[in-house]
Amino acid sequence: MTLALAEARAAAARGEVPVGAVVTDARTGAVLARAGNRVEELCDPTAHAEILAIRAAAAALGEARLTGCDLTVTLEPCAMCAQAIALARIAKLTFGAYDPKGGGVEHGARVFRQPTCNHQPEIVGGLEEREAAALLRDFFKERR
């Protein structure tokens, strides 16, 4: 989570919503990819930290499926990112802050609980929740 939080801080410094994600090898813990949001920079509504990290890890491994990988992200993934996590076959999802408004894991669409979802990772929510939530709260407070 430390690396994901660093990516979130870097995203905030670029004017992006402060969300960071890291993909690691589930066996060794080696970092395969890390990313922060780049929606504004790339003018791409799909450039969420999770999507960028999954793409980079898949490219690094030369595999479309990340079955032996874990994803750590600072915010509960939205429905789009949750579906990408399922399609990538991520083994374990760990996230920091819960997102009652836009989340797609424990809130909203609850993607992994749908009968049509082809894969459900192990899920751990609330890791470093206070710090992750504070980054988001401070970011939006400055913009209001």
Side-chain angles (χ1 to χ4, degrees), residues 1-26 29-61 64-144:
M1 184 59 79
T2 301
L3 292 176
L5 287 165
E7 288 293 331
R9 284 188 211 88
R14 294 189 303 272
E16 300 279 354
V17 174
V19 177
V22 178
V23 177
T24 56
D25 181 298
V31 174
L32 301 172
R34 54 194 281 184
N37 276 358
R38 293 192 179 272
V39 171
E40 303 302 328
E41 176 186 343
L42 299 176
C43 299
D44 179 356
T46 69
H48 291 195
E50 301 95 309
I51 299 292
L52 297 174
I54 288 169
R55 286 177 185 162
L61 293 174
R65 307 291 183 276
L66 303 177
T67 55
C69 298
D70 295 339
L71 174 68
T72 302
V73 62
T74 59
L75 179 65
E76 176 185 349
C78 69
M80 173 185 70
C81 292
Q83 188 60 53
I85 291 163
L87 291 170
R89 311 292 198 280
I90 295 289
K92 180 179 180 181
L93 165 65
T94 303
F95 65 87
Y98 289 87
D99 188 356
K101 191 173 181 181
V105 177
E106 298 292 333
H107 298 90
R110 293 180 171 91
V111 170
F112 303 125
R113 294 184 190 162
Q114 301 307 314
T116 55
C117 186
N118 61 340
H119 173 76
Q120 180 177 351
E122 177 185 345
I123 300 167
V124 176
L127 183 66
E128 300 292 335
E129 181 179 5
R130 284 186 183 162
E131 186 172 353
L135 282 172
L136 289 157
R137 191 171 41 255
D138 293 347
F139 176 83
F140 286 112
K141 185 177 181 181
E142 290 177 15
R143 277 149 183 75
R144 291 186 185 128

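- In terms of modelled atom types and a separation under 3.5 Å, the side chain of Glu50 and the main chain of Ala21 share no donor-acceptor contact.
- Between Gln114 and Ala109, the closest heavy-atom pair is NE2-O, 2.9 Å.
- Contact record, Ala57 with Ala33: N-CB, 3.5 Å, taken as the closest heavy-atom pair.
- Taken from CD1 in Ile54 to SG in Cys81, the straight-line distance is 7.0 Å, to the nearest 0.5 Å.
- Closest of all the heavy-atom pairs between Val111 and Gln83 is CG1-OE1, 3.6 Å.
- For Arg55 against Asp44, the heavy-atom pair with the smallest separation is NH1-OD2, 4.4 Å.
- Smallest separation of non-hydrogen atoms from Ala35 and Ala53: CB-N, 3.8 Å.
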Given the rule in the salt bridge (charged side-chain N to carboxylate O under 4.0 Å, His left out) test, do Glu131 and Arg9 qualify, once you have shown the distances and angles that lead to the verdict? CA-CA 11 Å; Glu131 186 172 353; Arg9 284 188 211 88; 2.4 Å; yes
Test Thr94 against Asp70 for side chain to side chain contact (heavy atoms under 4.5 Å, CB included), laying out the working first. CA-CA 8 Å; Thr94 303; Asp70 295 339; over 6 Å; no
Below 3.5 Å, can you tabulate the donor-acceptor pairs from side chains in residues 10-18 to any protein atom, sequence neighbours excluded?
from  : atom 1 : to    : atom 2 : distance (Å)
Arg14 : NH1    : Ala10 : O      : 3.4
Arg14 : NH2    : Asn37 : O      : 2.8
Glu16 : OE1    : Val39 : N      : 3.1
Glu16 : OE1    : Glu40 : N      : 3.0
Glu16 : OE2    : Glu40 : N      : 3.1
Glu16 : OE2    : Glu41 : N      : 2.8

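- Under the salt bridge (Lys or Arg N to Asp or Glu O under 4.0 Å) criterion, Arg113 pairs with Glu106, not counting sequence neighbours.
- For the side-chain contact (heavy atoms from CB on, under 4.5 Å) test, residues two or more places apart in sequence or in another chain that qualify with Ala58 are Leu66.
- Between the CG atom in Leu87 and the CG atom in Asn118 there is a gap of 5.5 Å [rounded to 0.5 Å].
- Side-chain contact check for Phe95 versus Val124: every heavy-atom pair is 4.5 Å or farther apart.
- Without hydrogens or angle criteria, His119 side chain to Ile90 main chain gives a donor-acceptor distance under 3.5 Å.
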